[in-house]
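Report on one structure; see the data block that follows.
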Amino acid sequence: MKKSILLLALFSICINVFATETKLMVRAKAKDAKFVGSSIGGAYVIIRNSLNGQILAEGKTAGSTGNTGLIMKSAHERYTQLADDKTAGFLAVIDIDEPTFVSVEVFSPINKKNAQIQASTQLWLIPGKDILGDGVVVEIPGFVVEVLTPNTHQYIALESIIKTGVKIEANIVMMCGCPIEKEGVWDSNQMEVKALVEKDGKNFTEITLTNPKQNTFDGQLEIKETGYYQITVYAYNATTGNTGVDKINFVVRD
C-alpha cells in the first residue's frame with residue numbers, strides 16, 4: 001500500500017516538473033460595442049481540453065468595458081490593440097506539458113439569463129507560449145432586452161386602464177451594458193423596437209416603441225377587454241444584425 005502511494009506521489013511530482021505554466025487572456029466583446037466587464041456582471045469563461053473535456057480553467061471577465069474612442073470611433077489598422085490593462089478579461093493560467101487543443105466557452109452576460117449568449121472557439125495552446133494583449137476575443141451578438149412594465153403575471157383591473165391603456169416600457173442596452181439613446185454612439189434611431197401582443201393565445205396587435213430617454217423604449221397599449229395577455233418586445237438593428245427579445249405575461253380582469 002505504501003509503495004503504491006509513493007509511486008502516485010512520484011508520478012504527480014513528475015507531471016508537475018514537466019508541466020509549464022501557460023497564460024491565456026480571454027475577452028468577451030459585444031458585437032458593435034465594447035468589452036463585457038464588471039459593470040454588467042462579466043462573462044463566464046470555461047477553458048476545456050478538447051480531447052477529453054477536462055476543465056483547465058474557469059472564471060469571470062472583470063474590468064472596464066474599454067476605451068470608447070479607440071474601440072468605436074477610430075480606424076483600426078492591423079495589430080491595433082483594443083484592450084489595455086484595465087479592460088475586462090479573464091486571465092487563465094494553465095499548466096500543460098505538451099501542445100494542447102482547447103475549447104474556449106463564453107457565457108455572456110452571465111447575470112442576464114434571458115439575453116445570455118453561449119459563444120465558443122478553439123485553439124492550440126503551446127507550453128510556455130503565452131497569449132496576452134487582446135488575447136482571444138469572443139464576439140457576443142445581440143441586445144439585452146428587459147420588459148419593465150407591465151410586470152410578469154401582474155393582475156390589472158380593466159376599469160383602471162380602459163381610458164388610459166397600459167404602458168409598455170422596456171430597458172434595452174448593448175451586450176456590454178453600453179447605453180442606447182438618440183444620436184448617441186449606439187443610436188436608437190437605427191433600431192426597430194416593437195411590442196407584439198397576444199390575447200388569449202391569439203395575435204392581438206403590434207406597437208412601435210419609441211426612445212424618450214437613455215435605454216428606455218415605451219408605447220401605449222389600448223385594452224378594452226379582460227383576458228390573458230402576452231407581450232413580446234424585440235429589438236433589431238438592420239445595419240449590425242443585432243437582435244434581442246424579452247417576453248412577459250399579465251392578466252386583465254374585471
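The backbone N or O of Ala33 sits less than 3.5 Å from a side-chain atom of Lys29, completing a donor-acceptor pair. Here the side chain of Gln154 pairs a donor or acceptor atom with the backbone of Asn151 at under 3.5 angstrom. Side-chain atoms of Lys182 never come within 3.5 Å of backbone atoms of Asn189 as a donor-acceptor pair (strictly under, hydrogens ignored). A donor-acceptor contact shorter than 3.5 Å is absent between the side chain of Thr87 and the backbone of Ser64. In this structure, Thr164 contributes its side chain and Ile162 its backbone to no donor-acceptor pair below 3.5 Å. Between the Arg27 side chain and the Phe90 main chain, no donor and acceptor come within less than 3.5 Å of each other.
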Going through the distances and angles, do His153 and Asn249 end up as a side chain to side chain contact (heavy atoms under 4.5 Å, CB included)?
-> CA-CA 5 Å; His153 211 272; Asn249 295 79; 5.9 Å; no

Please step through side chain to side chain contact (heavy atoms under 4.5 Å, CB included) for the pair Ile156 and Val251, ending with a clear verdict.
-> CA-CA 6 Å; Ile156 302 173; Val251 180; over 6 Å; no

Would Lys31 and Thr240 count as a side chain to side chain donor-acceptor pair (under 3.5 Å) if you check the C-alpha gap in whole Å, the side-chain angles of each, and the deciding distance to 0.1 Å?
-> CA-CA 8 Å; Lys31 184 176 182 180; Thr240 65; 5.9 Å; no

Given the rule in the side chain to side chain contact (heavy atoms under 4.5 Å, CB included) test, do Ile168 and Ile207 qualify, once you have shown the distances and angles that lead to the verdict?
-> CA-CA 9 Å; Ile168 300 174; Ile207 299 170; 4.1 Å; yes

In sequence, state the C-alpha distance, the side-chain angles, and the governing distance for Val252 and Glu225, and then conclude on side chain to side chain contact (heavy atoms under 4.5 Å, CB included).
-> CA-CA 7 Å; Val252 177; Glu225 299 178 337; over 6 Å; no

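Using a 4.5 Å cut-off on side-chain heavy atoms (C-beta onward), Val106 and Val26 make contact. Between Pro127 and Asp97, the closest side-chain pair of non-hydrogen atoms is not below 4.5 Å. By the 4.5 Å heavy-atom criterion applied to side chains, Met191 and Tyr236 are not counted as neighbours. Put simply, the side chain of Leu56 reaches to within 4.5 Å of the side chain of Val102, judged on heavy atoms. Using a 4.5 Å heavy-atom cutoff, the side chains of Glu222 and Val166 are not in contact. Side-chain atoms of Asp95 and Thr22, non-hydrogen and from C-beta on, never get closer than 4.5 Å to each other. Side-chain contact between Phe250 and Gln230: absent, with no pair of heavy atoms (C-beta onward) separated by less than 4.5 Å. At least one side-chain heavy atom of Asp32 sits less than 4.5 Å from a side-chain heavy atom of Trp186.
More than 12 heavy atoms of other shown residues, nucleotides or ligands fall within 6.0 angstrom of atom NZ in Lys224. Remark: Phe101 CZ is packed, more than 12 non-hydrogen atoms of other residues, nucleotides or ligands lying under 6.0 Å away.
Under the 4.5 Å side-chain heavy-atom criterion for grouping Ile, Leu, Val, Met, Phe, Trp and Tyr, Met175 is not connected to Ile180 through any hydrophobic cluster. Residue Val245 is not grouped with residue Val197 when hydrophobic side chains (ILVMFWY) are merged at heavy-atom distances under 4.5 angstrom, including chains of intermediate members. Follow the hydrophobic side-chain contacts under 4.5 Å out from Val173 and you never reach Leu209; the two are in separate clusters. Criterion: ILVMFWY side-chain heavy atoms under 4.5 Å apart, direct or through other members. Under it, Met174 and Val193 are part of a common hydrophobic cluster. Note: the hydrophobic cluster containing Ile55 also contains Phe107 (ILVMFWY, side chain heavy atoms under 4.5 Å, direct or indirect links).
Interatomic distance, Ile172 CD1 to Asn215 CG, rounded to the nearest 0.5 Å: 9.0 Å. The line from OG1 of Thr20 to CD1 of Ile94 is 12.5 Å long, rounded to the nearest 0.5 Å.
Note on residues 191-219: pairs passing ring-ring contact (aromatic ring centres under 6.0 Å, His included), not counting sequence neighbours, are Phe204-Tyr229.
When all heavy atoms of Val36 and Ala43 are compared, the closest pair comes out as CG1-N, 3.9 Å.
Not counting sequence neighbours, the partners of Glu169 by the side-chain contact (heavy atoms from CB on, under 4.5 Å) test are Leu148, Thr149, Lys167, Thr216, Asp218.
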Residues 129-147, side-chain donor-acceptor partners within the protein, below 3.5 Å, at least two apart:
residue : atom : partner : partner atom : Å
Asp130  : OD1  : Lys23   : N            : 2.8
Asp134  : OD1  : Leu82   : N            : 3.2
Asp134  : OD1  : Ala83   : N            : 2.9
Asp134  : OD2  : Leu82   : N            : 3.1
Glu146  : OE2  : Lys112  : NZ           : 3.1

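Considering Glu58, Lys60, Glu105 in turn, Glu58 is the only one that fulfils the side-chain hydrogen bond (donor to acceptor under 3.5 Å, both in side chains) rule with Tyr44.
No hydrogens or angles considered: a donor-acceptor pair under 3.5 Å links the side chains of Ser103 and Gln122.
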